[in-house]
Each structure stands twice: as C-alpha cells, then as structure tokens.
Amino acid sequence: MTSRPECTHTHDDEISLVDIAATFIRRRRFFGLVFVVFMLPGIGYALLKGDTYQFTTLLKIGEKGEGEHLESPSATIATLENRWLPEKMSIYAASHERSLPFRVIISNPEDTGLIKIHSEASGKMEDHVQDVHQYLLEKIQANHSVLLERERSRLKGRIAIIEESIPELKSQQDVGSAIADLLDKKAQLKLAAAHLEQTEVLVLARKSTKETGPGKAIIVALAVLLGLMVAFFSVFFAEFASSVREHIAQSGDE
C-alpha cells in the first residue's frame, strides 16, 4: 500500500509580513529620512502660505436703448483681454520688477450687460488687486463715455434735422399728417436721448468673507500622507536594489 505524500503548506503571507516588518526595522532610518524630506516642504508651504481670497468687480455696461448696450459685452471683454489687461501687466512688471502675481479672469454673466472681473490673491495683495481692477474699469468707462457722447450727438443731430424740417412743411398745404409724424419721431428721439445710461461700477474688488482654496490643515495632512507613501515605496525599492546587487555579486563570485 503506497503512502500518500504529506501536504505541505507554505505560509507565504506570514513570511511576507515578517519580511516587511524586518525590512522596515532594518531601514527605519532611511524611511524616516525620506519621510521628512518629502513632508517638510509641504509643511513649510502651509506655514508660509498667505490666506487666499476672491476679489470680484462688477460693471454694468451703459445702454442706448431698451436692451441695447453702448457696446456688446463680448466686444468689451475682447478689448480688455487683448489690450488693456496686457498693458496693465506690462506697467506692473516695470514698476514692481516682477510679473503680476495673480490671475485676472474677465467674464460676462449669461444674458446680462454685466462685466465680471475676478481674481484670487492673498490678503496682502488686496491693494494690488484693487489697483489692477480700477485701471481696467477706468479704461472701460473712458471708452464707453466716448460711445455715449457719440450716440447723444447722433440723436441731437436727428432732432435738429426734424426741427429744421417742420417750418418748411408748415408752409406747404396738406402736410398735417407728415408734421405729426415728424413730431412723433422727434418725441421718440428725445425719449431715447433721455434714457441713455452711462457705464456704472457696481462693485470694486469686493473681498470674499471666506478663504478660497485648500486650508493649511489640509495641506499639512496631504504633505504627511505624501511623505508616508513615498517613504514606504522607497524602502521597498531600496531593498529590491540591495537584493539585486547581492545577487549580481554572488553570480560574479561563482
């Protein structure tokens, strides 16, 4: 009667855990060094990081009629982004010897005549943000003032032509309806001139009440987590590299 071979059970999991523990104990200084090297920059950044806030400026484009703006929001934004913002960035760089340390985002809330200028910066940069936003506002208002005066002059010119035409018509016969039409048109033009609206600043660099972006506690937690992960994998990589060197050395001896 043949005997059945005994089944042997390997405890790879237990051995692996023992090997892992031994590896970490043996390379604990290396683990600690890598952990500190990758953790300290994050903690330093969190400590040195200033509080970041949102700064919002709102501008209402003037109107020359019901629902008709002095200039379309898209045209205003295009001019800001391609002319006046780069111009202000150049002025800032020349006076401060560095580039503008925050972004300036310009948008138009849908279906409105509003222009929104938005920036995120530290509380220490509040005066700089306000200066940049104010510069852009002044440029828009100056340009729109020209457009407003041009529209006002156009309306006045049309009113003047009508006023000159009425006496001539009165000297003719059967022109009562024509004169009435002119008077009605004159009234409409005067009403349009009275409803001309200038571009108006609603809010200038309003600072948010709460900070934006990740807080310092989150940054520190992420730095610790990153340090642990990098240190963990570095230990195994170092152990693997050491094993490879030993294997190569043994192969060379043979």
Side-chain angles (χ1 to χ4, degrees), residues 42-152 195-223:
I43 294 178
Y45 173 76
L47 295 176
L48 297 176
K49 173 182 174 291
D51 299 333
T52 303
Y53 296 91
Q54 290 184 354
F55 296 90
T56 303
T57 292
L58 285 177
L59 181 83
K60 181 178 180 294
I61 298 178
E63 296 184 356
K64 58 181 180 180
E66 186 175 353
E68 187 177 3
H69 301 104
L70 294 173
E71 183 179 47
S72 68
S74 59
T76 300
I77 291 175
T79 304
L80 282 169
E81 292 180 337
N82 295 285
R83 180 182 177 185
W84 293 322
L85 180 56
E87 182 178 283
K88 181 57 180 178
M89 292 173 68
S90 298
I91 295 173
Y92 186 94
S95 59
H96 294 83
E97 298 182 350
R98 62 169 179 170
S99 59
L100 196 66
F102 53 85
R103 294 180 61 195
V104 178
I105 302 173
I106 307 168
S107 62
N108 165 232
E110 190 175 358
D111 297 329
T112 69
L114 300 176
I115 298 296
K116 180 181 178 181
I117 304 176
H118 169 80
S119 297
E120 287 190 8
S122 67
K124 297 178 181 179
M125 298 298 297
E126 182 172 359
D127 291 342
H128 296 264
V129 174
Q130 184 169 339
D131 176 64
V132 173
H133 287 204
Q134 181 67 46
Y135 180 88
L136 298 179
L137 291 179
E138 289 175 354
K139 292 297 184 180
I140 296 174
Q141 288 180 301
N143 182 57
H144 287 185
S145 292
V146 173
L147 297 177
L148 183 68
E149 289 304 317
R150 187 180 300 169
E151 181 65 15
R152 183 175 284 118
H195 282 82
L196 290 175
E197 294 183 5
Q198 294 183 346
T199 295
E200 178 185 4
V201 178
L202 303 180
V203 176
L204 173 60
R206 181 177 58 197
K207 181 179 177 182
S208 62
T209 56
K210 297 181 179 179
E211 295 182 45
T212 59
K216 295 180 180 179
I218 295 177
I219 295 175
V220 171
L222 291 175

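Residue numbers start at 1 and run along the sequence shown. We use all heavy atoms of the structure for the numbers below, so side chains are in, but hydrogens, waters and symmetry mates are not.
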Peer 1: Does any non-hydrogen side-chain atom of H118 lie less than 4.5 Å from one of Q54?
Peer 2: yes
Peer 1: On a heavy-atom basis, which atom in S119 and which in R103 lie closest, and how many Å separate them?
Peer 2: OG-O, 2.9 Å
Peer 1: Distance check, rounded to the nearest 0.5 Å: I117 atom CD1 versus Q134 atom CD?
Peer 2: 10.0 Å
Peer 1: Kindly write out the residues that satisfy salt bridge (charged side-chain N to carboxylate O under 4.0 Å, His left out) with E197, not counting sequence neighbours, or none if the list is empty.
Peer 2: K60
Peer 1: Which residue, T112, T76, I140, forms the side-chain contact (heavy atoms from CB on, under 4.5 Å) with I61?
Peer 2: T76
Peer 1: Between K116 and L58, which heavy-atom pair has the shortest distance, and what is it?
Peer 2: CB-CD2, 3.8 Å
Peer 1: Do V203 and T56 have side chains that approach each other closer than 4.5 Å (heavy atoms only, starting at C-beta)?
Peer 2: no
Peer 1: How close do P73 and G113 get, heavy atom to heavy atom, and via which atoms?
Peer 2: CG-CA, 4.4 Å
Peer 1: Hey, can you tell me if F55 and Y53 have their rings parallel, tilted or perpendicular (30° and 60° cut-offs)?
Peer 2: perpendicular
Peer 1: Using a 4.5 Å cut-off on heavy atoms from C-beta on, say whether the side chain of K139 contacts that of R83.
Peer 2: no
Peer 1: Apply side-chain contact (heavy atoms from CB on, under 4.5 Å) to residues L59 and T199 and explain how you reach the verdict.
Peer 2: CA-CA 7 Å; L59 181 83; T199 295; 3.6 Å; yes
Peer 1: If every non-hydrogen atom of A78 is compared with every non-hydrogen atom of N82, which pair is closest and at what distance?
Peer 2: O-ND2, 2.7 Å
Peer 1: E126 and Q130: side-chain donor and acceptor closer than 3.5 Å?
Peer 2: no
Peer 1: Measuring from Q198:CD to L147:CG, what's the distance to the nearest 0.5 Å?
Peer 2: 12.0 Å
Peer 1: Salt bridge (charged side-chain N to carboxylate O under 4.0 Å, His left out) with E71: which residues, sequence neighbours excluded?
Peer 2: none
Peer 1: If the condition is salt bridge (charged side-chain N to carboxylate O under 4.0 Å, His left out), which residues does E200 pass it with, not counting sequence neighbours?
Peer 2: none
Peer 1: Nearest 0.5 Å, what's the CD-OG distance between E138 and S145?
Peer 2: 11.5 Å
Peer 1: Calculate, to the nearest 0.5 Å, the distance between atoms CG and CD1 belonging to L202 and I115 respectively.
Peer 2: 11.0 Å
Peer 1: Report the distance from atom CH2 of W84 to atom CG of L137, rounding to the nearest 0.5 Å.
Peer 2: 11.0 Å
Peer 1: Rounded to the nearest 0.5 Å, how far does CG of L85 lie from CD1 of I77?
Peer 2: 12.0 Å
Peer 1: What is the minimum heavy-atom distance between H133 and L204, and which atoms define it?
Peer 2: CB-CD1, 4.1 Å
Peer 1: Side chains of L136 and V104, heavy atoms from C-beta outward: is any pair under 4.5 Å?
Peer 2: yes
Peer 1: Can K207 and V129 be said to form a side-chain contact (heavy atoms from CB on, under 4.5 Å), step by step?
Peer 2: CA-CA 10 Å; K207 181 179 177 182; V129 174; over 6 Å; no
Peer 1: Kindly give the heavy-atom pair with the smallest separation between M125 and P101, and that separation in Å.
Peer 2: CE-CG, 3.2 Å
